[in-house]
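Here the structure is laid out as structure tokens; the discussion comes afterwards.
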Amino acid sequence: MIKFIHMADIHLGYRQYGSEARLIDFAQAFYDAMNYAVEKRVDFIIIAGDLFHKRSEMDPLTLTQATKVLEIAKKAEIPVIAVEGNHDSTYFKDSFSWMDYLAKNDLIINLKPSFEDRLELNEWDGGSGAYIDLEGARIYGMKYYGSLTGKIMEDYRKKIKKKGFTVFTAHAGVEGYLNIYGCIPSSIIHNFRDKVDYVALGHIHKSYVEGDFVFNPGSLEICDITEKDFDKGVFYVQYGEGLKYELIGGFSRRMFLSLSYKIKDERFLNHLDKDLKAKNIENSVVHIHIQSKKQFGIKAEDVERVVNEFKPLIVRLKYETEDFYRPTVPGKESLEKEVIEQLLKSFNYENFADEVLRLKNIFSSSFNLNSVDEFIESILKGGSTAEMKLDGEVSEVQKQDTGKDDTVDEEESNHVLTDDFKGQADEDEWDWRKAIGHDTRS
Ligand SMILES: [Mn+2]
């Protein structure tokens, strides 16, 4: 039995909103995730890129946070296998990255291919390499290559040699989940199926699984308010008789709220006061959008004063008065989804509005017919996100027949989509200042 944790997008060093508390949140989430891995006594940990938030400017505090947490794994003799993300490295420049620094200090195994004349996959020699053999498992790694990702990945795949349970980890997104740079068509990654058992991705800060084969855990913390409702966490994976996995969430403890109000009369501040009291926004990150047809004598400062009485960590206020007033519509996505749902219903289809929306995203971001075909095929075969989403919570997905290893393939895989982590580390708050014998609060 092989057990491992797959995480990605830690973004250490992100002083979100310029807040030191948020900087610490990111380290705390990493610390909690690491302790979870140790608690589970996993064989190895994969970090699929973006351990750090900034690729070049490193500050002593961030480096200390990274080092201290990675030392927990080292002490427990759990190897940490990592690849560089867009935030960790420059693409082709052979400069020594901070990830190389961590590797040099025996804290991580930083996997990447080398380019002499052409792409080469060498075994990890203690300082560099593209793959490493651990007991019963072989792990290949590829760092972020921006727009070249798809091309390099196809070359990479040809050179992979399967041995035991084989993992491929890369910092790359699959098209269609979020409209961001550095994504590739799903088909490229599904081509790895003949050589690889588990694809461990990072980059997209939202969790997804495709065909019990391609895995993306999402970021540990919330890097942007738009991510606040995404499923995110780490995958706890067990491989014995088939593949079992769980997405463990709950590493981000900070509450994020996005509120919007329309001022209709002079009593608005009372109304706001009441509403915020009920919401308990203390220590939260609060984005507030206010629209008002008339001023009613209420200024942005008045609103801020009321909000600050409840001691949120961060307040972001957007106050629009009549000049900018536009009638509000519910979030564009949810409105779109509703329309699609109604359409599907009227044609007596099942509700696969999420998949339709994803298709639409693929079209609008790249118009790649291959990935569209591939996606439709995966839905029709039923071994994909489609089935998982349609069933809701827990579903069992039959592994697709690959022609080999029939005994293994017949096993049904089990997965639970969200199971919040409530381990030991949850109670014991990590005071990194104590950990490094230094108090910056004074
Ligand atoms: Mn990231």
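Note that the numbering runs from 1 along the sequence shown for the chain. These figures come from a predicted structure and were not determined experimentally. Whatever order the structure lists them in is the order used to number ligands and atoms, beginning at 1.
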Q. What angle sits at the Mn ion (ligand 1) between OD2 of Asp50 and NE2 of His205, to 10°?
A. 180°
Q: Would you mind naming the N, O or S atom of Asp9 nearest to the Mn ion (ligand 1)?
A: OD1
Q: Spell out, as yes or no, whether a donor-acceptor pair under 3.5 Å connects the side chain of Lys206 to the backbone of Leu178.
A: no
Q | His53/Phe26 aromatic ring centres below 6.0 Å | A | no
Q | His171-Asn86 side chain donor-acceptor pair, cut-off 3.5 Å | A | yes
(Q) Does the structure place the NZ or CZ of Arg193 under 6.0 Å from the centre of the six-membered ring of Phe213, at an angle of no more than 45° from the ring's axis? (A) yes
Q. Does Cys223 put an N, O or S atom under 2.8 Å from the Mn ion (ligand 1)?
A. no
